[in-house]
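Here's the structure, in structure tokens; my notes come after.
What you are looking at is a predicted structure, and each value in this text was computed from that prediction instead of being measured.
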Amino acid sequence: MAGRVLDPSRAPVAYGQRAVPRLFEELQHPEVDRKNRALTSLCDVLHDPEFIYQTVNGDKPMLFLVSLSLHREATLSSSLLPLLSRLLDDSSSSCRRNVHRVLSRLTLLPAGAHALLSLVPKLMQKLMDEEEKEEEVQVLILSTISACSAMDPLPALGADGVSVLSQKLSHRSPDIRREAAAALMAISVCVDGKRQVCADEVLPVVVGLLQDEDIEVQVNAAGVIMYIVTTTQGKQQCLKMDIIPILLDRVSKKTDEEKNTERKKRKKALTTYCLRVLTALAEAPDGRRLLLKQLPVLAVRSEAAEEDQDIRRAAQTAVQVITWTP
């Protein structure tokens with residue numbers, strides 16, 4: 001029995017544990033309109049974490065599985081996820097769009113992101129398909145890849161992820177640039193990801209994004225660089241691009257002057273990431289030599305009493321590394 005108010009654009013939603021299985025039954029109907037209504041309703045119910053677990057794990061909701069290996073085995077064995085995978089190739093663009101909305105919702109919990117890891121290679125391919133050039137779909141795919149790669153970057157790396165994502169970093173849409181940089185940051189956490197970013201010479205594009213008009217794009221780009229400069233090759237490439245003046249410009253801008261709370265958080269993250277990059281660059285002789293001339297800028301951030309505690313601590317660490325002598 002349906003338990004929610006009917007809407008012609010949505011499929012009826014059953015009560016309780018029958019909600020998700022019933023919607024998946026509708027997804028298998030050949031009629032496009034019925035599949036789309038079921039997908040729209042599925043997007044709605046996935047605002048409830050219990051239903052996300054239910055979708056990932058089949059008919060019964062999962063509360064918590066302590067063992068990660070058992071958790072992963074349970075999620076990947078779900079009979080519901082293969083259906084979503086098949087619907088990614090549906091002839092209806094609206095159906096495919098709704099599938100991507102569902103997948104994106106599933107990744108809001110770690111269980112969902114783990115379950116979708118096997119779909120990452122296919123999603124990478126979808127990013128490059130001519131059929132999937134719609135901006136919303138591209139953003140949804142990138143968001144899903146980013147969340148999955150935060151759990152395990154290897155599937156994305158194995159699917160030529162660095163090359164694919166780098167092509168999206170220069171997209172006209174700030175939303176696509178933001179999500180592509182976020183996904184690249186997730187991939188750059190592991191050693192193989194760092195090596196691949198350096199080998200593919202993606203850093204010049206990423207460094208350029210530090211001056212993007214969108215603050216979130218800047219933050220994600222700084223995050224990528226923060227991971228890459230932990231390697232010798234990453235340090236060398238960044239120093240050759242004369243990145244230090246750009247980083248210092250970002251560091252010198254006060255975050256407490258920003259009134260918007262969310263934007264203030266983004267600026268704090270940007271400043272912190274840039275300080276960490278500067279600290280890593282100071283470990284290289286050429287970087288230390290250049291930064292010794294810029295100590296006053298960093299000293300201001302490290303000594304001001306009104307400074308944010310996290311930023312002050314990051315600035316103090318940078319100063320200590322720059323002024324260190326054997």
Side-chain angles (χ1 to χ4, degrees), residues 149 153 156-157 160-171 174 177-178 180-253 267 269-299 301-302 311 314-315 317-326:
S149 298
L157 278 172
D160 201 21
V162 172
S163 175
V164 173
L165 294 173
S166 66
Q167 297 178 50
K168 302 298 177 181
L169 295 175
S170 302
H171 198 279
R177 295 197 303 273
R178 181 192 69 238
L184 189 62
M185 177 166 58
I187 287 177
S188 300
V189 173
C190 69
V191 174
D192 288 342
K194 295 177 177 69
R195 290 174 180 160
Q196 195 62 52
V197 169
C198 291
D200 287 4
E201 299 182 345
V202 180
L203 273 177
V205 181
V206 178
V207 170
L209 293 180
L210 289 175
Q211 301 179 78
D212 195 276
E213 60 187 20
D214 187 283
I215 183 68
E216 292 192 53
V217 174
Q218 294 179 37
V219 172
N220 292 339
V224 174
I225 299 167
M226 178 181 67
Y227 288 119
I228 300 302
V229 292
T230 59
T231 68
T232 300
Q233 189 177 10
K235 289 182 178 69
Q236 292 171 346
Q237 288 191 10
C238 283
L239 288 170
K240 286 180 181 178
M241 286 182 280
D242 198 24
I243 192 178
I244 288 178
I246 301 172
L247 294 169
L248 290 171
D249 179 66
R250 294 293 170 267
V251 167
S252 64
K253 295 178 179 178
K267 282 197 170 183
L270 177 61
T271 302
T272 304
Y273 289 173
C274 288
L275 284 168
R276 290 174 181 170
V277 173
L278 290 168
T279 302
L281 292 176
E283 295 171 354
D286 288 344
R288 180 178 288 109
R289 177 177 52 80
L290 292 169
L291 285 167
L292 279 170
K293 302 174 184 178
Q294 304 295 335
L295 272 179
V297 176
L298 297 172
R301 303 305 306 250
S302 67
I311 291 177
T317 301
V319 170
Q320 289 170 4
V321 174
I322 294 167
T323 57
W324 178 84
T325 54

Quiz item: Do you know the tightest heavy-atom contact between Cys198 and Gln237?
Solution: O-NE2, 3.2 Å
Exercise. Tell me, please, which residues at least two apart from Asp212 pass salt bridge (Lys or Arg N to Asp or Glu O under 4.0 Å).
Key: Arg177
Quiz item: Going through the distances and angles, do Arg301 and Thr271 end up as a side chain to side chain contact (heavy atoms under 4.5 Å, CB included)?
Solution: CA-CA 10 Å; Arg301 303 305 306 250; Thr271 302; 4.0 Å; yes
Quiz item: When rounded to the nearest 0.5 angstrom, what distance separates CG in Leu157 from OG in Ser163?
Solution: 12.0 Å
Quiz item: Is there a donor-acceptor pair closer than 3.5 Å between any side-chain N or O of Arg250 and the backbone N or O of Cys274?
Solution: no
Quiz item: If you measure from OG on Ser188 to CG on Asn220, what distance do you get to the nearest 0.5 Å?
Solution: 11.0 Å
Practice problem: Would you indicate whether the side-chain heavy atoms of Leu169 and Val202 approach each other to under 4.5 Å? | Solution: yes
Practice problem: With sequence neighbours left out, write down each residue that passes salt bridge (Lys or Arg N to Asp or Glu O under 4.0 Å) with Arg288, or none if nothing qualifies. | Solution: none
Quiz item: Which heavy atom of Tyr227 sits nearest a heavy atom of Lys194, and at what distance?
Solution: O-CE, 2.9 Å
Quiz item: Which heavy atom in Ala282 sits nearest to a heavy atom in Leu291, and how many Å separate them?
Solution: CB-CD1, 3.8 Å
Quiz item: What's the shortest heavy-atom distance between Thr231 and Ile228, and which atoms?
Solution: OG1-O, 2.8 Å
Quiz item: About how many Å separate CG of Leu278 and CG of Leu298, when rounded to the nearest 0.5 Å?
Solution: 6.0 Å
Quiz item: Atom CE of Met226 and atom CE of Met185: how far apart are they, to the nearest 0.5 Å?
Solution: 7.0 Å
Exercise. Apply side chain to side chain contact (heavy atoms under 4.5 Å, CB included) to the pair Leu290 and Leu281, showing each step before the final yes or no.
Key: CA-CA 10 Å; Leu290 292 169; Leu281 292 176; over 6 Å; no
Practice problem: Go through the steps to decide whether Leu239 and Ile244 satisfy the test side chain to side chain contact (heavy atoms under 4.5 Å, CB included), and finish with yes or no. | Solution: CA-CA 7 Å; Leu239 288 170; Ile244 288 178; 3.9 Å; yes
Quiz item: Checking side-chain contact (heavy atoms from CB on, under 4.5 Å) against Leu210, which of Val277, Ile225, Asp249, Val219 comes through?
Solution: Ile225
Quiz item: Closest approach of Pro174 and Val217, non-hydrogen atoms and distance?
Solution: O-CG2, 3.6 Å
Practice problem: For residues Val205 and Ser170, determine if any side-chain heavy atom of one lies less than 4.5 Å from a side-chain heavy atom of the other. | Solution: yes
Quiz item: Val229 and Ala280: which non-hydrogen atoms are nearest, and at how many Å?
Solution: CG2-CB, 3.6 Å
Quiz item: At what distance, to the nearest 0.5 angstrom, does CD1 of Ile322 lie from CG of Leu292?
Solution: 7.0 Å
